[in-house]
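Below is one structure. I have some questions about it.
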Amino acid sequence: MSYHPLALIGMAVGMVLGLAGAFGGIGAFVLVLLLGALGFLIGRIAEGGEVSVAHLTVRRK
């Protein structure tokens, strides 16, 4: 079994967005989505000062 941290993070984010949508409606869903994206950008800038999502895509050879 291989370990894929981005898949695990994606699953957790999906679950949080699903719960926000189920219990808070579309407004809560959009708010959680926007705050998650903002947190991602701030984390990327804090890590290395670079915002590039090109490495997040999977390239198959």
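FYI, side chains are in, hydrogens and waters are out, and symmetry mates aren't considered; it's all heavy atoms of this structure. Throughout, numbering of the chain's residues begins at 1 and tracks the sequence.
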Here the gap from Ile26 atom CD1 to Leu33 atom CG, rounded to the nearest 0.5 Å, amounts to 9.5 Å

Heavy-atom closest pair (Phe29 atom, Gly21 atom, distance to 0.1 Å) is CB-CA, 4.0 Å

What residues form a side chain to side chain contact (heavy atoms under 4.5 Å, CB included) with Leu19, not counting sequence neighbours?
Phe23

On a heavy-atom basis, which atom in Ala28 and which in Ala20 lie closest, and how many Å separate them?
CB-O, 3.7 Å

